[in-house]
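Okay, structure first, notes after.
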Amino acid sequence: MPEEPFAGGSNKPMDGVDPALRSHISYIDRSREYYRAKGFVTPYRWIKHRSSPFTPLRRPLSEATVGVVTTSFPPEAVEGRSKAVMASPSSPTPDVMYTSDLFWHKKATHTDDVESFLPLKTLRTLRAQGRIGALSDRYYSIPTRHSHRQTKGFAAEIVALCREDGLDAVLLVPL
Amino acid sequence: MSTVVIGSARDVVEECAVPRFAFTDLPLGNPCGKPYDRAMQLMVVETALDLLECAFTGQTTVRVPVEWGDDAWRDSYMAVSSAVNGPLGHEQTDRLDV
């Protein structure tokens, strides 16, 4: 029996995509070639792990408190954003977030719709439907850095904030 | 705490190795779905929540069945031609901070 496509999926051919290349962009390859062409000889060293720790959900999702971590920052915090992790109120939902220093496809899209990268309203809808137990009162912004050491420090701070807020599950949403 | 990543840089996230990954094959910037497409955004977040419930081992990736509409964006991102020939633009002065 032929497999049914996943809900919403399709089997349309990908016109215009070079069959000699993988269809999804390799950002590791693309950025290395791009910076090499600009004259930077030492490529960025990406974080690589063979495996990841796995924590099962500790209570049913319908009873779980869920939070969101983003790489964007509230615009009013831009002054200090480059240095520190930040927790901001989830309500009222922010209408605009500061993203212009981040690494996204500025020729192809925009970030005017906050919900396209910080899904607080969507989670509130799902909360109303009983899909999740609660949305965290705060969401968390993490600075992006070349330095792995700095990033690990930020991650530890994010974990502490999430524990403080009693989260059971976290959506990690980098732009 | 259980975590799930929603993201569009598949190789970067998978090489890093994360417990659960809802991959959206969209231009970087809108990992939760196209701007103002509430149905798509709901499907993406619902899929991430499904992963929290259903994934039973680390490094579980689900490709969320979303489409941008065309594929032109795939070639234009960080094209080497723009690094060599292009005028100094925004992209060329960006930090690499995926």
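Chain letters run A, B, ... following the sequence lines, proteins first, then strands; residues in each count from 1. These values consider heavy atoms only, across backbone and side chains, with no hydrogens, waters or symmetry-generated copies.
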Q. Do any N or O atoms from the side chain of B/Asn30 and from the backbone of A/His110 form a donor-acceptor pair under 3.5 angstrom?
A. yes
Q.
What I'd like to find out is whether the side chain of B/Leu52 reaches to under 4.5 Å of the side chain of A/Leu61, using heavy atoms alone.
A. yes
Q.
Has B/Ser2 got a side-chain atom pairing as donor or acceptor with A/Leu57's backbone, closer than 3.5 angstrom?
A. yes
Q: List for me each residue that meets salt bridge (charged side-chain N to carboxylate O under 4.0 Å, His left out) alongside A/Arg32, sequence neighbours excluded, and say none if there are none.
A: A/Asp29
Q) Would A/His105 and B/Ser76 count as having a side-chain donor-acceptor pair, cut-off 3.5 Å? A) yes
Q.
Keeping B/Asp25 on the side-chain end and A/His24 on the backbone end, is there a donor-acceptor pair under 3.5 Å?
A. no
Q. Restricting to pairs with a member in residues 85-97 of chain A, which pass side-chain hydrogen bond (donor to acceptor under 3.5 Å, both in side chains), not counting sequence neighbours?
A. A/Thr93-A/Arg124
Q.
For the backbone of B/Glu46 and the side chain of A/Arg131, can you confirm whether one donor and one acceptor N or O come within less than 3.5 Å of each other?
A. no
Q | A/Arg36 portion near chain B, given a 4.5 angstrom heavy-atom threshold | A | neither
Q. Looking at A/Phe54 versus B/Phe56, is the centre-to-centre ring distance below 6.0 Å?
A. no
Q. What option among A/Leu126, A/Ile132, A/Val69 has the most heavy-atom pairs under 4.5 Å with chain B?
A. A/Leu126
Q) Hey, is B/Arg38 close enough to A/Asp113 for a salt bridge, meaning N to O under 4.0 Å? A) yes
Q: Below 4.5 Å from any heavy atom of chain B, which atoms of A/Thr99 appear? Answer side chain, backbone, both or neither.
A: neither
